[in-house]
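Down below is the structure, laid out as C-alpha cells.
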Amino acid sequence: MMLLIQEQSKQGRRAVAQAPLQKAEITDIPEQFRRRRSANLPEVSEMQVVRHYTRLSQRNFSIDTQFYPLGSCTMKYNPRGANEMAMLAGFLARHPEAPESHSQGFMACLHDLQEMLKELTGMQAVSLSPAAGAQGEFAGVAMIRAYHDERGDTGRNEILVPDAAHGTNPASAVMCGYKTREIPTGADGDVDVEALKAVVGPQTAGIMLTNPSTLGVFDRGILEIARLVHDAGGLLYYDGANLNAILGKVRPGDMGFDVIHMNLHKTFSTPHGGGGPGSGPVGVSERLVPYLPVPMVTRDGDEYHWLTETECPRSIGRLSAFAGNAGVLLRAYAYARMLGREGMSRVAEYSTLNANYMFKMLQEAGFEAAFPERRATHEFIITLRKQAKERGVNTMDFAKRLLDYGFHAPTTYFPLLVPECLLIEPTETEDKGTLDAFIQAMRTIQDEVNTDGELVKGAPHTLPVKRLDDVRAARELDLAWNVSAED
Amino acid sequence: MMLLIQEQSKQGRRAVAQAPLQKAEITDIPEQFRRRRSANLPEVSEMQVVRHYTRLSQRNFSIDTQFYPLGSCTMKYNPRGANEMAMLAGFLARHPEAPESHSQGFMACLHDLQEMLKELTGMQAVSLSPAAGAQGEFAGVAMIRAYHDERGDTGRNEILVPDAAHGTNPASAVMCGYKTREIPTGADGDVDVEALKAVVGPQTAGIMLTNPSTLGVFDRGILEIARLVHDAGGLLYYDGANLNAILGKVRPGDMGFDVIHMNLHKTFSTPHGGGGPGSGPVGVSERLVPYLPVPMVTRDGDEYHWLTETECPRSIGRLSAFAGNAGVLLRAYAYARMLGREGMSRVAEYSTLNANYMFKMLQEAGFEAAFPERRATHEFIITLRKQAKERGVNTMDFAKRLLDYGFHAPTTYFPLLVPECLLIEPTETEDKGTLDAFIQAMRTIQDEVNTDGELVKGAPHTLPVKRLDDVRAARELDLAWNVSAED
Amino acid sequence: MPFIPHTDQEVREMLEAIGVDGIEDLFEEIPADLRCVELKSIPPAMSELEASQLMAGRARQDGQPACFLGGGAYDHHIPAAVWQITTRGEFYSAYTPYQAEASQGTLQLLYEFQSMMTALMGMDVSNASLYDGASALAEALLMAVRANRKSKSRRILVPRSLHPSYRKVAGNILKNQGIELVELPFDPEGGHTDIGALEPYDGEDIAALVIPQPNYFGVLEDVDALTGWGRRNKAMTVAVVNPLAMSILSPPGEWGGEGVDICCGEGQPLGAPLSSGGPYFGFLCCRQGIVRQMPGRIIGRTLDQDGNRGFTLTLQAREQHIRRSKATSNICTNQGLMVTAATIHMALLGAEGLERTAAACHANTSDLVARLSSLTGVSPRFSRPVFHERLMSLPVAADDVLRALAAHNILGGLDISGDYPELGRAILICATEKRTVGEIESFVEKLARVIELQGGVPCQLQPKES
Amino acid sequence: MPFIPHTDQEVREMLEAIGVDGIEDLFEEIPADLRCVELKSIPPAMSELEASQLMAGRARQDGQPACFLGGGAYDHHIPAAVWQITTRGEFYSAYTPYQAEASQGTLQLLYEFQSMMTALMGMDVSNASLYDGASALAEALLMAVRANRKSKSRRILVPRSLHPSYRKVAGNILKNQGIELVELPFDPEGGHTDIGALEPYDGEDIAALVIPQPNYFGVLEDVDALTGWGRRNKAMTVAVVNPLAMSILSPPGEWGGEGVDICCGEGQPLGAPLSSGGPYFGFLCCRQGIVRQMPGRIIGRTLDQDGNRGFTLTLQAREQHIRRSKATSNICTNQGLMVTAATIHMALLGAEGLERTAAACHANTSDLVARLSSLTGVSPRFSRPVFHERLMSLPVAADDVLRALAAHNILGGLDISGDYPELGRAILICATEKRTVGEIESFVEKLARVIELQGGVPCQLQPKES
Ligand SMILES: Cc1ncc(COP(=O)(O)O)c(C=O)c1O
Ligand SMILES: Cc1ncc(COP(=O)(O)O)c(C=O)c1O
C-alpha cells in the first residue's frame with residue numbers, strides 16, 4: 001500500500017524553493033475577506049513529492065508500458081516529438097489574450113490544422129475549439145438546432161441515435177434540449193434501416209452516427225440512411241471517434257454528413273493523459289458554416305486573424321473561455337505533419353489490418369465473433385457469453401486476468417447490445433509480435449477457464465491491488481481524505 | 001524476463017520519423033572506405049523503443065523512487081529545477097568551440113561557480129574541467145608532480161594513502177607515475193600518526209586524504225598530519241567526496257590542504273545517472289595555481305574570457321577535448337544558487353544530524369558500531385561480523401534483504417579495513433519518517449537472521465531477478481548479444 | 001512508415017492468415033464510390049527534425065513579451081518537477097482509469113486531488129475535473145437547477161462583474177434547456193455586486209445565484225452577504241473562484257457561515273502553463289448532499305479482496321456511459337493530465353507556498369498600480385480591494401496604448417471596452433509573482449511615453465502629489 | 001530550508017534521541033579553530049523561479065547562431081524520446097549499479113549498449129563508457145601498452161592529422177608514465193597520413209599506432225594500409241573513430257582484414273546535445289583476448305538463482321575499487337546517463353537511420369563546399385574524400401572572417417591556424433543534417449560579403465567557371 005501524500009505531511013515542512021522566499025505582507029485586504037485557517041494541504045518536501053508521484057506513476061498501465069487494446073479509444077503511440085514541440089517555451093508562454101501581433105506563429109499552426117482537417121473529413125469548414133469529443137458533439141447538435149431554429153423549423157425535437165452509440169451521443173443531444181430516440185441494430189451489425197424509416201419524420205432534427213460504428217463494422221447502408229434523414233429534413237451528425245479506421249480512405253463529408261467531430265486524442269495521437277485533455281474539433285457542410293463555434297483562425301494574405309462573435313454573429317458562440325485545448329491542437333498538428341499526406345491512409349490501412357488479423361486468429365482460437373460474417377474495421381467484438389453461461393466466468397473476469405499477463409483489457413460491456421462483449425482495438429502502432437502475444441494470452445485464459453475458473457475469477461493476482469470492491473466504493477462514499485477520519 | 005531490444009528486432013522495421021526521409025546518395029567516397037554490411041543494430045519502431053526503455057527504467061532503484069543510503073556516494077535529491085535550467089535550449093545548443101561573443105551567458109555561470117567553490121573550499125583558484133572525482137584526483141596529483149618537477153625536486157616518488165582511502169586514490173597516484181604507500185588507521189578511526197611519521201620523508205610527494213574519512217569520522221589529527229607532511233616537503237591532497245559533511249562548516253584550505261577535488265555529483269546534487277556523468281573540479285592553494293588544468297574562465301570587467309594553454313603555459317593541460325562536463329556544472333551552479341549562502345552549512349548540519357540519529361538508533365537496536373566512541377559525520381559504519389560469525393549471514397545477505405523492504409542497500413565491504421561492514425549515508429534530504437522506516441527494516445532483518453536465516457540468505461525475493469551469479473558472469477564472459485549465440 | 005511497425009514480411013503473413021490478397025480487400029464493405037480521392041492539400045510527411053524546426057520557428061516568432069495580462073489566465077511559476085513528472089509515460093499515455101487495478105497511480109492521484117480541492121475550497125466533495133473554468137460554471141449551473149428541488153423557476157442570477165466569457169459560455173450551453181440568466185449590475189464605484197442589486201429579486205423563485213471571487217475586475221465581492229441572500233431566498237449559491245486566491249481569501253465553504261452549495265472555477269493557476277488558453281481544467285466542488293447531481297468523474301476509496309485500500313471510479317451511474325440520455329452531463333474525456341500537474345503543483349507548494357505566491361502577486365500588482373497611478377490621467381477605476389488584478393483608467397484610448405506597448409514587447413493589459421463600454425478607457429492589469437521590478441519599471445516608463453505621444457500629456461514619471 | 005525536510009519538532013526529537021543539545025554539538029570533534037567563518041561571497045538563496053529567470057536570461061544571451069562548427073562535436077538531431085526517457089528519475093537519479101538486482105534497468109540497457117557498439121564497430125567487446133573521446137584515447141593507449149606483451153618500448157605513433165586536443169589530452173595523461181608519443185606527418189596534398197610516413201619506423205619496436213577515421217580535417221585515412229602496418233610491426237592498432245561515420249564507413253573491426261585491436265572515440269554524435277562540450281562519453285571496444293586490460297565498467301550477462309537471465313557488473317577485479325593501485329585505470333564514475341541516451345538514440349535510428357543521417361551530413365557538407373568553392377579564393381584545402389567536414393582555404397585571415405560571420409549569427413567554422421600554422425588561412429567547416437538550405441545559402445552569401453569587405457575581392461556569387 002502506498003501512503004497518500006496527505007499522510008506523509010508533517011506540520012511546518014515545505015518545498016522551500018518553490019515559493020517566494022519572502023512572504024509579502026498583505027495590508028489592504030480587510031479581515032472579513034481573509035482566510036482564517038490555512039488550507040489543510042500536504043506539507044511535504046520537494047523530494048517527497050517527486051518520489052511519491054514517480055512511484056505512483058509506476059502503478060499505471062499505459063501505452064508507453066503496455067499493449068492497451070481498448071476498443072473505441074484508439075490507444076496508439078503518442079509521439080514524444082509532438083510533446084516536445086507543443087512544450088516549446090514560446091508556445092507555453094503565450095497568453096490566450098496575447099494580441100495577434102504576438103500570435104502569428106501559433107495561429108499559423110491552428111490555421112494549417114483547420115485546413116488539413118477540412119480536407120480529411122471532406123467538410124467545408126472546421127472549428128478547433130471543442131475541448132473533447134463530447135463537447136464537439138454538443139457543438140454539433142447545437143449547430144443543428146441553430147440551423148433549424150433560424151429557419152423557423154422549430155417542430156423538430158428529436159435526435160435519432162442507434163443503440164450502439166456511445167453514451168455521449170444521447171447525453172449531448174439532451175443537453176441541447178432534444179429528446180432522443182433509439183434505432184436498433186440489425187443482425188448484420190448495420191443500422192436497421194426499416195426501423196429507421198419507421199421513426200424518421202418531421203420531428204426529426206437529425207441523427208447521430210458513428211461509421212464505422214462501435215460494433216466494429218462499416219455501415220454499408222450509410223448512403224440510404226443519409227438519404228432518408230435528409231429527405232425528412234433532418235441533418236446527419238458524424239461521431240468521429242472511429243475516424244482512425246477510415247482516415248484517408250473515405251470521408252464523412254462524402255458519406256453525406258453535415259457535421260462531424262473528431263477526437264484528436266484518438267486519431268491524431270495526442271495523449272489521453274489518464275483521462276484527458278482531449279480535443280474535439282468540429283467540421284461542417286456548407287449550410288452549417290455560419291454556426292461554427294468561435295474562436296477560429298482565418299488567413300488574410302500572410303496574416304492570421306481571429307474570428308470571434310463579432311465576425312461570426314450567427315455562431316453558437318464559445319464553449320470555453322479561450323480557444324480550446326491549444327496544447328493538444330499543437331500536438332495533433334505536429335503529428336499530422338509527421339504523418340503527412342501519405343501517412344494518413346496508412347493509419348486506416350494498418351489499424352484495419354491489425355484488427356482483422358486478431359479477429360481471425362481469435363476466431364480460430366475458438367472465440368465467438370459478434371459479427372462473424374463481417375470484415376472488422378479497426379476494431380471488432382467478441383462475445384464471451386458461452387464462457388459466462390457454461391463456466392460462470394464473465395467478461396470482467398477475463399479482462400482482469402489479461403492484466404496479469406501484462407495487457408490492458410479491451411473495452412468491456414460496450415456496446416451494450418452485445419452481451420458479455422469485448423471490444424478490441426489494437427491500433428496501427430502495434431506490431432505483430434505483440435498481437436500474437438495477446439492472442440496467446442487469450443488462449444491461455446481460455447484454458448484456465450476450463451481447468452481453473454477460480455483462478456480467473458480471482459484475477460488480477462499480480463497487480464498492486466487485488467480486485468476492487470466497486471459496490472462498497474459507491475455505497476460507503478469516501479471521496480476525500482480527512483484528517484479526523486484517520487486515526 | 002524482459003527481452004533485449006535486439007531480440008525485438010525485425011528486419012526492415014524502422015522509426016521512420018527519426019532520420020531523413022530521403023536517403024542521400026553518396027557518390028564521392030570510394031568503395032574501399034565504405035561499410036559493406038549494415039551494422040547489426042536493432043530494427044524496431046519508435047513505440048517499441050519508448051515502451052522498452054520506459055519499462056526497463058522501472059527495474060531500477062533510484063533516489064526518485066527509494067531511500068538510497070549508499071555510503072560515500074551522497075545520494076541526495078537531485079533538484080528537478082536544476083535539470084530544467086541546464087536543459088534550456090540555449091545551453092544545449094551551444095557548441096564547445098562557439099566564440100566568446102556567443103558564450104558570455106554560459107561563461108558567466110562557470111565563472112560564478114568557480115568563485116563559489118573557491119570560497120567554500122578555502123582555496124585560491126578552481127578549475128572546473130575534470131569530468132569526475134577520479135579525473136580530479138589525477139589532475140590534483142599531476143599538479144603535485146608538476147610542482148615538484150618544476151622545482152627540480154624529482155626524488156619524490158611516493159604518495160601516501162591511508163588504508164581507508166577510496167580505490168581511486170592509489171589508482172590515480174599510479175597513473176601519475178607514483179608509487180603508493182599505505183598508512184594504517186588507528187583504533188579510534190583516525191590516521192595512525194605514528195605510522196605516518198615513520199614513513200613520511202624526502203621521497204614523499206604528498207598524501208591523499210579524505211576528511212571526514214570514509215570511516216565516517218572527522219580526523220582530529222588533521223593539523224598535525226598537515227604539519228608532518230608539509231615539513232617533509234610533501235603536499236596534501238584532499239579527496240572531496242565527503243565534502244557534504246562539512247560544507248560551510250570547515251574548509252579544506254583551512255585544514256592545510258594544497259589541492260582538492262570536489263564531486264559535484266555528490267555534494268552539489270547533480271544526478272548520478274546510473275553511473276555518471278559526474279564532475280570533479282579541482283581547487284588549489286597559492287603554490288599550485290599555475291598548474292591548474294585548462295580551460296578555465298576569467299573575468300575582465302564585464303567580459304568573460306577563456307584561459308587555455310596559451311594563457312597558462314605551466315598548466316598540466318587539458319584532460320578532455322573541451323571544457324569538461326558543462327551540463328553537470330550548470331546543474332551544480334543552479335543548485336548552489338538555490339541553496340545560497342545560508343543553505344551551504346545546513347547541508348552539513350542536517351546530513352550530520354541524520355547520520356548521528358541513525359547511528360544512535362541502530363546501536364540501540366543492537367548493531368555494532370565500528371567506532372562507537374566517535375561522532376558520526378554524514379555517514380557511519382556498522383559491522384555485521386557477529387551475525388556473520390554466529391549465524392552465517394553476511395553483510396551482502398543483509399544488503400540484499402534490504403532491497404526486499406524497498407531500501408537500496410548501504411555501501412557494503414568498503415572501506416576494506418572494517419570486516420563485514422555497512423557504510424550508511426542518509427543525506428540531509430531524507431526525512432525522519434524514512435530513517436525510522438529503514439531502522440525498523442534493519443531490526444526486522446536482524447530478527448529474521450535469528451529466526452530464519454535462509455530467508456535472508458536467499459534474498460532478494462521481490463525484485464525482477466533473484467540473486468545473480470557474479471562468479472558465472474566473470475567466468476563465462478557474455479558481454480554482448482550475438483545473433484548466432486541465440487537459438 | 002512513421003509510427004507503423006509492420007515489415008513487408010509480417011504484412012504478408014497477416015494477410016495470408018486473414019485470407020485476403022491485399023490490405024485494400026479489407027475495405028471491401030465500403031461502397032466503392034465513397035472511396036477517397038487523393039488528399040491534395042495535405043503536405044507531404046516531415047521527419048521529426050523538420051517538424052521541430054518548423055514548430056520552433058513558429059514558437060520563436062511569437063516572442064516572449066512581458067505579460068501583464070490576466071483575465072482568467074495567469075502567468076505563474078510552475079515547479080520544474082511538475083511537468084517532468086506529469087509527462088512520464090505512465091501518466092501521459094494512460095487512458096481514463098476504467099480498469100482500476102491497472103490504474104492505481106492515476107486513481108490515487110485523483111483522490112489526492114479531490115482531497116486537496118476540498119481542503120482549499122472548504123467543501124465536502126470535488127470531482128476529478130471538467131474542461132475549463134467557463135464550462136465548469138455552465139455544468140455547475142445545470143447541476144444547481146437539478147439539485148434545487150425547492151425552485152421551479154429556471155432563473156439564475158449572474159453578476160455582470162463575472163468574467164464576460166464565462167457569462168457567454170454559460171449562456172451558450174444553457175440556452176437550449178430553457179434556462180434564463182439574469183444579469184446583476186455592478187456598483188460603479190466599488191466594482192463589486194452590491195447586495196442592493198439583489199433587492200428586486202428578494203423572495204422570488206430563483207434557482208441559483210452566481211458569486212465570483214474575485215470578480216473579473218479583480219475586485220473582492222461581499223461573498224458573505226451574497227451567500228446569505230442566496231440561502232434566505234432558497235437559491236443554490238454557486239461560487240466561481242480563483243483557486244490561488246482561495247489560499248488567502250475566505251473559501252467558499254465558509255462564506256456566509258455555512259458556505260455555498262457549489263463552487264467551481266478555472267484550475268489553470270495550479271500548474272497549467274498559459275499555453276494559449278488550454279489545456280486548463282475546470283474544477284467543481286459541492287456539498288455532500290448533492291454529490292449525485294455532480295457531473296464528471298469522481299474517484300472513491302474502497303477495499304480490494306484482501307481488505308487493502310484501493311481507489312476506483314465511483315458513482316458512475318450518474319455518467320453518460322451508464323445513464324446515457326439521463327446522465328448528469330455528456331462529459332467523458334476530461335482534463336486528467338492537467339489535474340495530475342495540479343496535484344503535484346499543490347503538493348509542492350502546500351498551503352504556505354500558495355499563500356506566498358498569492359501574496360507576492362498581490363504585492364506586485366499593488367506596486368504596479370501605485371506606480372502607474374503616478375502618471376497623469378492614470379488611476380484605479382474602482383475603489384474596493386482587489387486580489388491581483390485591477391482596472392486602470394487611462395487618459396487615452398486603450399487599444400492604441402496596448403498596441404504601442406506591444407511594439408515594445410510589453411503586453412500591458414486587457415482592453416475591456418468591448419465587453420464593458422460603460423467603463424470608458426481602461427485596461428485590466430495583472431502582475432504575478434513572476435514579473436520583476438525591471439519589467440514593472442519598464443512598463444510604467446513605456447506607458448508614460450505612449451500616453452505622452454498619444455494624448456499630448458507631458459511625460460510624468462514623478463508622483464502627482466506630495 | 002530548500003531540499004531539507006526537517007521540521008523543528010523532528011529536529012528536537014532527533015537531538016534528544018542522540019542525546020545532544022543542538023546540531024552544533026555534533027561537530028565537536030572538529031578543532032574549534034578550523035571552523036568556518038561566514039561565506040561572504042556566496043550570494044543569498046534564490047527560489048527556483050529566481051534561479052530559472054537568471055539561467056534563462058543567460059541561456060538566451062548566447063543566442064542560437066547557425067552552427068557550422070564541428071571539430072569533434074556535432075549538431076545532430078536527437079529524437080525527442082531520447083531525453084524524455086533518459087531523464088526519467090529511475091535512470092537519472094540512480095547510482096552506478098552496484099546492487100545488480102535493484103539495477104536491472106540500467107544494467108540491461110548497458111548490456112544492450114555494449115552490444116550495439118560492438119555491432120557498429122565490428123569489435124568483440126565494449127566497455128560501458130569513459131569520460132569523453134580524448135580521455136578514452138588516453139585510456140586506450142595505456143591499455144595498448146599494457147596489452148602489447150611483444151613490445152618493450154613505450155613509443156606510440158600518433159598522426160598529426162588526429163584532433164589536436166586528443167593529442168594534447170593523451171600527452172597530458174600519459175606523460176607521467178614515461179610513454180612517448182611520436183608524431184606522424186600528414187600528406188600536404190591529401191590531408192591523410194600516407195603510409196610512407198611510417199617507413200622510418202618499419203621493424204622498430206612500437207607499442208601502438210593510432211588511426212583516426214575520419215581525421216581532424218574530415219579526411220578519410222587509408223585505414224586498411226595503416227592497420228596492416230601495425231599488425232606487421234607488432235604494434236597495437238588503436239582506432240579513433242566517429243561512431244556516426246562508422247554507419248557508412250568500413251568499421252575498425254574489419255580494417256586491414258582482421259581489424260584493429262582497440263577502437264575508441266567520442267560518443268557525442270549518438271544522442272548527446274552539444275551542450276558546450278559535455279557531458280559526452282568516450283567509448284572503447286577491443287578484441288576479446290585483451291578484455292582484461294580494458295579500463296572502465298563492463299556489464300556481463302549471467303543467471304539468477306532460479307536460472308533466469310540477468311545482468312551484472314563483471315570483471316570488477318580490473319577496477320580501482322578492488323585492485324586499487326594495480327587497477328587498469330582510476331576511473332570510477334563514468335558517463336552512464338549519456339550512454340543511456342546513446343542506447344535509446346541508436347535503438348531509434350537503427351543502422352538505416354544512422355546511415356541516412358550520415359549520408360545527409362555528407363551531402364550537406366558537400367553542398368556547402370561546392371557553393372563556397374564558387375567564391376573567389378575559397379577552395380578545399382585537401383584533395384582526398386571526407387566524411388562531413390572539410391578544411392577550406394580562404395583568401396583572407398580566418399579569425400577576421402569568423403568574427404564577421406559571428407556578428408551575423410553564423411558560426412562559420414573553426415580557425416585551425418593555432419594548431420596548424422603550416423596550413424595557412426583556412427577554416428574547418430561542417431554542415432550536419434540539421435543545417436537547412438536557407439542557412440547554407442546565407443552562410444555563402446555572408447561569407448562572400450565578408451571576403452569582399454576584408455580582402456577587397458569583388459563579391460562573387462556566380463560559379464567561377466562554366
Ligand atoms: C464512439 C465515441 N463517441 C464519443 C466519445 C466521446 O469523446 P470524448 O471522450 O473525447 O468526449 C467517445 C470516447 O470515448 C467514443 O468512443
Ligand atoms: C571517497 C571517494 N573518493 C573518490 C571517489 C571517486 O569519485 P568519482 O566516482 O567521481 O570518480 C569516490 C566515489 O565514489 C569516493 O567515494
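Note that the structure is predicted; figures quoted are calculated from it, not measured. Hydrogens, waters and symmetry mates play no part in the numbers below; they use all other heavy atoms, side chains included. Below, chain A is the first sequence line, B the second, and so on; all start at residue 1.
- Contact annotation for A:L330: both backbone and side-chain heavy atoms come within less than 4.5 Å of a heavy atom of chain C.
- For a residue to count as touching a neighbouring chain, one of its non-hydrogen atoms must lie under 4.5 Å from one of that chain's; by this rule A:F218 touches chain C with backbone and side chain alike.
- Using a 4.5 Å cut-off between heavy atoms, C:A81 contacts chain A through its side chain alone, with no backbone atom that close.
- Proximity to chain A is absent for every atom of C:E319, based on heavy atoms less than 4.5 angstrom apart.
- With 3.5 Å as the limit, one finds a donor-acceptor pair spanning the side chains of C:R88 and A:S57.
- One side chain, A:S38 or C:E355, offers a donor N or O that lies under 3.5 Å from an acceptor on the other.
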Check against side chain to side chain contact (heavy atoms under 4.5 Å, CB included), A:F91 and C:S275: CA-CA 6 Å; A:F91 287 136; C:S275 185; 6.0 Å; no
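- For C:E38, the parts lying near chain A are the backbone and the side chain together; criterion is any non-hydrogen pair under 4.5 Å.
- At least one side-chain heavy atom of A:L4 sits under 4.5 Å from a side-chain heavy atom of C:R309.
- For A:A321, the parts lying near chain C are the backbone and the side chain together; criterion is any non-hydrogen pair under 4.5 Å.
- Looking at A:L70, the atoms closer than 4.5 Å to chain C (heavy atoms on both sides) all sit in the side chain, from C-beta outward.
- Neither the backbone nor the side chain of C:I322 has a heavy atom closer than 4.5 Å to any heavy atom of chain A.
- Salt bridge status for A:E428 with A:K76: present, with a side-chain N to carboxylate O gap under 4.0 Å.
- Under 3.5 Å, the side chains of A:Y77 and A:D64 contain no donor-acceptor pair of N or O atoms.
- The candidate from A:R59, A:R34, A:E119 with the greatest count of non-hydrogen atom pairs under 4.5 Å with chain C is A:E119.
- Residue C:Q64 touches chain A through its side chain alone, counting heavy-atom pairs closer than 4.5 Å.
- Options C:I298, C:L348, C:T87 differ in how many heavy-atom pairs under 4.5 Å they form with chain A, and the most are formed by C:L348.
- Proximity to chain C (any heavy atom under 4.5 Å) is shown, for A:N263, by neither the backbone nor the side chain.
- Heavy-atom distances place the side chain of C:S366, and not its backbone, under 4.5 Å from chain A.
- If you tally non-hydrogen atom pairs under 4.5 Å between each of C:D132, C:L39, C:T314, C:T96 and chain A, the highest count goes to C:L39.
- For A:M338, the parts lying under 4.5 angstrom from a heavy atom of chain C are both the backbone and the side chain.
- For a residue to count as touching a neighbouring chain, one of its non-hydrogen atoms must lie under 4.5 Å from one of that chain's; by this rule C:I23 touches chain A with the side chain only.
- Taking the six-membered ring where the residue is Trp, C:H6 and A:Y350 present tilted rings, their angle falling between 30° and 60°.
- Contact of the C:P251 side chain with the A:R35 side chain is registered, since non-hydrogen atoms from C-beta on lie closer than 4.5 Å.
- Residue contact with chain A, scored on non-hydrogen atoms closer than 4.5 Å, involves the backbone and the side chain of C:T343 alike.
- With no hydrogens or angles considered, no side-chain donor-acceptor pair links A:H265 and A:N325 at under 3.5 Å.
- Taking chain A as the reference chain and counting heavy-atom pairs below 4.5 Å, the highest number among C:S247, C:S52, C:G277, C:S129 is found for C:G277.
- Chosen from C:H321, C:E254, C:Q99, the residue pairing most often with chain A at heavy-atom distances under 4.5 Å is C:Q99.
- Both the backbone and the side chain of C:S276 come within less than 4.5 Å of a heavy atom in chain A.
- With a 4.5 angstrom heavy-atom cutoff, A:F33 touches chain C via backbone and side-chain atoms both.
- Residue contact with chain A, scored on non-hydrogen atoms closer than 4.5 Å, is absent for C:L402.
- Looking at A:E25, there are no atoms closer than 4.5 Å to chain C (heavy atoms on both sides), in backbone or side chain.
- Heavy atoms closer than 4.5 Å to chain C are found in both the backbone and the side chain of A:K466.
- A:R220 CZ: more than 12 foreign heavy atoms inside a 6.0 Å radius.
- In this structure, chain C has a heavy atom under 4.5 Å from the side chain of A:T65, while its backbone stays farther away.
- For chain A, the option among C:C67, C:S135, C:A102 with the highest count of heavy-atom pairs below 4.5 Å is C:A102.
- Inter-residue side-chain proximity for C:P279 and C:L337 is flagged as unmet; no heavy-atom pair is nearer than 4.5 Å.
- A side-chain donor from one of A:Q18 and A:E46 sits under 3.5 Å from a side-chain acceptor of the other.
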Intermediate values then yes/no, salt bridge (charged side-chain N to carboxylate O under 4.0 Å, His left out), A:R251 and A:D254: CA-CA 5 Å; A:R251 309 192 303 173; A:D254 300 337; 3.0 Å; yes
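- Ranked by heavy-atom pairs under 4.5 Å with chain C, the first of A:L477, A:V50, A:L479, A:L463 is A:L479.
- Aromatic ring centroids of A:H272 and C:Y92 lie 6.0 Å or more apart.
- The environment of C:K326 atom NZ is sparse: at most 12 non-hydrogen atoms of other residues, nucleotides or ligands sit within 6.0 angstrom.
- With a threshold of 4.5 angstrom between heavy atoms, A:P460 approaches chain C through side-chain atoms but not through N, CA, C or O.
- Highest contact tally toward chain C, considering only A:I316, A:V44, A:V328, A:T180, is held by A:I316 [criterion: heavy-atom pairs under 4.5 Å].
- For C:E266, no part lies under 4.5 angstrom from a heavy atom of chain A.
- Only the backbone of C:D124 comes within contact range of chain A, with at least one heavy atom under 4.5 Å from a heavy atom of that chain.
- One finds a salt bridge joining A:K249 and A:E349 here, because a Lys/Arg side-chain nitrogen approaches an Asp/Glu carboxylate oxygen to under 4.0 Å.
- The parts of C:A347 that come within reach of chain A are both its backbone and its side chain, each placing non-hydrogen atoms under 4.5 angstrom from that chain.
- The side-chain heavy atoms of C:R301 and C:T312, taken from C-beta on, include no pair separated by under 4.5 Å.
- Contact annotation for C:Y95: both backbone and side-chain heavy atoms come within less than 4.5 Å of a heavy atom of chain A.
- Looking at A:I5, the atoms closer than 4.5 Å to chain C (heavy atoms on both sides) sit in the backbone and in the side chain alike.
- With a threshold of 4.5 angstrom between heavy atoms, A:R14 approaches chain C through side-chain atoms but not through N, CA, C or O.
- Using the six-membered ring where Trp is involved, C:Y111 and C:F311 have ring planes that are tilted, between 30° and 60° apart.
- Looking at A:L88, the atoms closer than 4.5 Å to chain C (heavy atoms on both sides) all sit in the side chain, from C-beta outward.
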Worked check of side chain to side chain contact (heavy atoms under 4.5 Å, CB included) between A:R94 and A:S103: CA-CA 8 Å; A:R94 188 183 163 275; A:S103 310; 2.9 Å; yes
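- A donor-acceptor contact under 3.5 angstrom links the side chains of A:N60 and C:T106, judged on distance only.
- Each of C:Q335, C:Q61, C:M116 has some count of heavy-atom pairs under 4.5 Å with chain A, and the biggest count is that of C:Q335.
- Of the listed residues A:H166, A:R337, A:K360, A:H408, the one with more heavy-atom pairs under 4.5 angstrom with chain C than any other is A:R337.
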